[in-house]
Each structure stands twice: as structure tokens, then as C-alpha cells.
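Everything below concerns the one structure shown next.
Hydrogens, waters and symmetry mates play no part in the numbers below; they use all other heavy atoms, side chains included.
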Amino acid sequence: YYRFDTSFHYLMFSGEGSLIDNKTGDTVWRSKCHYQGDAPRMSRPSLEEFSAEGGKLLKAELARAAQACTEQFKSHLIP
């Protein structure tokens, strides 16, 4: 989404992961991830394109975001 041009959109996704020790309840690891779609401005989809066909494009972009966050979490957990 561009502040002054609402005809173009992209997905921004942030997440946080934690590992909790079941015996003590202590947090033993915590990390954050961030994903931002990186398509060039003119190829970024409209809201209608994101939601077409039952949200097919949005679902695909969310899958990419989840994969990116998984990789970030793994790199933070296992350096």
C-alpha cells in the first residue's frame, strides 16, 4: 500500500516465536521475523488481484511470508 496511491499493494508480515521450557515455564528462546513483498512498484497487484479466485494470490504471498519467517527463525535458533 502506498500512502498516496491506493491502487498498488504488497504484503508485510511480522511474527514472533518462543520456546518455553514445559517444566519451568521459562522462555528459553525468543525471536522475531519480518517479511515484506519485494515486487517492483508497477508489478504490485491491486486489491482486486490479491482477492481474485478466492484469494489465490494472497494465499501464495502468505505462504512465501511463512516460509521466509520459518527460515529466519531457524537461522536465529541454529546459528
Side-chain angles (χ1 to χ4, degrees):
Y1 171 77
Y2 291 91
R3 177 181 266 172
F4 301 110
D5 185 353
T6 59
S7 60
F8 297 99
H9 296 77
Y10 63 96
L11 179 73
M12 290 177 60
F13 182 86
S14 296
E16 185 174 325
S18 301
L19 289 178
I20 311 289
D21 184 314
N22 280 336
K23 292 181 181 178
T24 65
D26 293 336
T27 300
V28 295
W29 175 85
R30 177 172 286 160
S31 184
K32 293 183 180 182
C33 74
H34 180 75
Y35 172 85
Q36 180 172 327
D38 58 358
R41 183 173 190 260
M42 294 311 294
S43 68
R44 290 190 175 160
S46 67
L47 186 57
E48 291 78 19
E49 291 168 323
F50 261 125
S51 59
E53 298 180 58
K56 183 178 178 179
L57 181 59
L58 179 59
K59 290 174 185 176
E61 190 67 9
L62 285 169
R64 281 191 286 278
Q67 182 62 38
C69 277
T70 298
E71 294 302 319
Q72 289 176 41
F73 287 150
K74 283 176 22 181
S75 72
H76 299 161
L77 181 60
I78 307 168

What heavy-atom pair brings [X] and [Y] nearest, and what distance separates the two atoms?
{"X": "Ser14", "Y": "His34", "answer": "OG-ND1, 3.2 Å"}
{"X": "Asp21", "Y": "Thr24", "answer": "OD1-N, 3.1 Å"}
{"X": "Phe50", "Y": "Pro45", "answer": "CE1-CG, 3.4 Å"}

Nearest 0.5 Å, what's the [atom1]-[atom2] distance between [X] and [Y]?
{"X": "Gln36", "Y": "Met12", "atom1": "CD", "atom2": "CE", "answer": "5.0 Å"}
{"X": "Lys74", "Y": "Ser31", "atom1": "NZ", "atom2": "OG", "answer": "13.5 Å"}
{"X": "Leu19", "Y": "Asp26", "atom1": "CG", "atom2": "CG", "answer": "12.5 Å"}
{"X": "Gln72", "Y": "Cys33", "atom1": "CD", "atom2": "SG", "answer": "5.0 Å"}
{"X": "Ser18", "Y": "Arg30", "atom1": "OG", "atom2": "CZ", "answer": "4.0 Å"}

Q: Could you state whether Ile20 and Trp29 fall into the same hydrophobic cluster, counting links through intermediate Ile, Leu, Val, Met, Phe, Trp or Tyr residues with side-chain heavy atoms under 4.5 angstrom apart?
A: no

Q: Could you tell me whether the side chains of Tyr35 and Glu61 share a donor-acceptor contact shorter than 3.5 Å?
A: yes

